[in-house]
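Because the structure is a prediction, the values reported are computed rather than measured. Keep in mind that the numbers below use all heavy atoms, side chains included, and drop hydrogens, waters and symmetry copies.
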Amino acid sequence: DMNSLIGNSVRPNVCIYNACGENVVEFNKCNKIITHVIASNSNIANTFAAKYPKDIICPGIEPERVKISTDKKVIRSQLGLKDDFVIGMVSRLDYQKRQIWLVDAIKEFPKAKAVFIGSGPDLKPLKEKANHQCYFLGHKDNIGDWLNCLDVLCQVSSTEGCSAVIFEAMYLKIPLIVTNVGAVPDLLTNKSALIINSQKELIGAIKKLHDVTLRESLTRNAYEVFLS
């Protein structure tokens with residue numbers, strides 16, 4: 001393991017570090033034995049991994065994970081949703097993921113619903129601040145079915161490595177609201193997603209994405225990026 005390598009006086013000829021997140025502390029523990037870095041985004045590659053030979057490789061998707069096996073209407077009916085405008089977040093329930101932005105923003109849209117998939121330490125405080133428009137569903141294996149039932153996917157983390165669910169949404173042609181962190185600057189522009197920097201901008205983005213034509217344009221462009 002890495003700890004035994006660090007403590008060993010014999011250094012390996014090749015030691016490849018997979019920098020999929022911005023964990024500088026962990027990286028610094030083993031930087032003396034690293035010979036090459038695989039980074040998940042250009043920010044990681046150009047900052048604390050700058051002095052090493054490197055490649056930037058974003059994650060792909062797992063076909064089984066994004067397989068759509070159940071009709072969209074059936075999935076929605078499980079929550080009592082019909083023609084509601086549904087915005088989802090798929091991530092660990094944690095302050096860095098900023099689910100609170102959507103919990104608060106959804107209150108501006110009485111006919112919309114917010115679906116949160118994932119678990120984590122912030123579940124209780126989020127539920128305490130949420131109203132009847134919010135659904136906390138925990139972990140889901142059939143993520144393709146749940147992504148497919150959304151009108152918009154919202155991923156507004158304060159920090160990120162390379163979010164796999166963004167790639168999954170691009171593949172499934174789900175419109176995206178994202179923050180400009182992690183791999184987003186490498187992948188997306190305002191032609192393929194709505195990129196925001198604040199909770200106020202999230203409210204504005206949700207308003208814009210009620211426009212079907214805009215949603216279709218964004219997903220078409222994002223899918224082309226995914227294929228490239």
Looking only at heavy atoms, which two atoms of Arg76 and Lys82 are closest? And how far apart? NH1-O, 3.2 Å

Between Ala112 and Gln133 the two heavy atoms that sit nearest each other are O-NE2, 3.0 Å

With clusters defined by side-chain heavy atoms of hydrophobic residues (ILVMFWY) lying less than 4.5 Å apart, directly or transitively, does Ile106 cluster with Leu137? no

Do Ile206 and Leu102 come within less than 4.5 Å of each other through their side chains, counting heavy atoms only? yes

What's the spacing between Lys111 NZ and His210 NE2 if we round to 0.5 Å? 9.5 Å

Start with the C-alpha distance between Val152 and Leu176, add both sets of side-chain angles, then the distance that settles side chain to side chain contact (heavy atoms under 4.5 Å, CB included), and finish with yes or no. CA-CA 6 Å; Val152 176; Leu176 285 161; over 6 Å; no

Could you tell me whether the side chain of Val165 reaches within less than 4.5 Å of the side chain of Gln155, counting heavy atoms only? yes

Would you kindly confirm whether Val178 and Leu209 end up in one hydrophobic cluster when ILVMFWY residues are joined by side chain heavy atoms under 4.5 Å apart? no

Nearest 0.5 angstrom please: Phe116 CZ to Leu126 CG, how far? 7.0 Å

Pro121 side chain reached by Arg92 side chain, heavy atoms, under 4.5 Å: yes

Heavy atoms, side chains only, cut-off 4.5 Å: are Phe109 and Ile203 in contact? yes

Applying a strict under-4.5 Å side-chain criterion to I, L, V, M, F, W and Y, I'd like to know whether Val115 and Ile166 cluster together. yes

Nearest atoms (heavy-atom pairs only) where Gln78 meets Trp146: OE1-CZ2, 3.7 Å

Tell me which one of Asn221, Thr219, Thr213 satisfies side-chain contact (heavy atoms from CB on, under 4.5 Å) with Ser217. Asn221

From CD1 (Ile68) to SG (Cys149), nearest 0.5 Å: 10.5 Å

Are Ser69 and Asp145 close enough that a side-chain donor and a side-chain acceptor fall under 3.5 Å? yes

Could you check whether atom NZ of Lys173 has more than 12 heavy atoms from other residues, nucleotides or ligands sitting under 6.0 Å from it? no

Only one of Asp84, Asp151, Asp83 passes salt bridge (charged side-chain N to carboxylate O under 4.0 Å, His left out) with Lys113; say which it is. Asp84

Expected output: side-chain Ser77 to main-chain Gly80 donor-acceptor under 3.5 Å: no

OG of Ser158 to CZ of Arg98, rounded to nearest 0.5 Å, is 5.0 Å

Test log, rule side chain to side chain contact (heavy atoms under 4.5 Å, CB included), inputs Phe136 and Ile117: CA-CA 6 Å; Phe136 295 89; Ile117 297 172; over 6 Å; no

How close do Ala222 and Met170 get, counting heavy atoms only, and between which atoms? O-CE, 3.3 Å

Would you compute the distance between atom CG of Asn180 and atom CG of Asn190 and round it to the nearest 0.5 angstrom? 8.5 Å

Of the non-hydrogen atoms in Ala105 and Gln199, which two are nearest, and what is the gap between them? N-NE2, 4.0 Å

Determine, stepwise, if the pair Asp104 / Lys107 fulfils side chain to side chain contact (heavy atoms under 4.5 Å, CB included). CA-CA 6 Å; Asp104 289 340; Lys107 297 170 185 176; 3.8 Å; yes

Gln99-Ser91 side chain donor-acceptor pair, cut-off 3.5 Å: yes

How close do Met89 and Cys154 get, heavy atom to heavy atom, and via which atoms? CG-O, 3.1 Å

Following the transitive rule for hydrophobic clusters with a side-chain heavy-atom cut-off under 4.5 Å over Ile, Leu, Val, Met, Phe, Trp and Tyr, establish whether Ile87 and Leu93 coincide in one cluster. yes

Counting heavy atoms not belonging to Tyr135, are there more than 12 under 6.0 Å from its OH? yes

For a 4.5 angstrom cut-off between non-hydrogen side-chain atoms, does Val90 reach Leu147? yes

Carefully, step by step, assess Thr179 and Ile195 under the rule side chain to side chain contact (heavy atoms under 4.5 Å, CB included). CA-CA 5 Å; Thr179 41; Ile195 301 172; over 6 Å; no

Indicate the ring-plane relationship of Phe226 and Tyr171, choosing parallel, tilted or perpendicular according to the 30° and 60° boundaries. tilted

Do Val86 and Leu218 sit in one hydrophobic cluster, given that two such residues count as connected whenever their side-chain heavy atoms are within less than 4.5 Å of each other, even indirectly? no

Please check if the number of heavy atoms outside Lys72 that lie under 6.0 Å from its NZ is greater than 12. yes

Can you tell me how far apart CD (Gln96) and OG (Ser157) are? Round to the nearest 0.5 Å. 8.0 Å

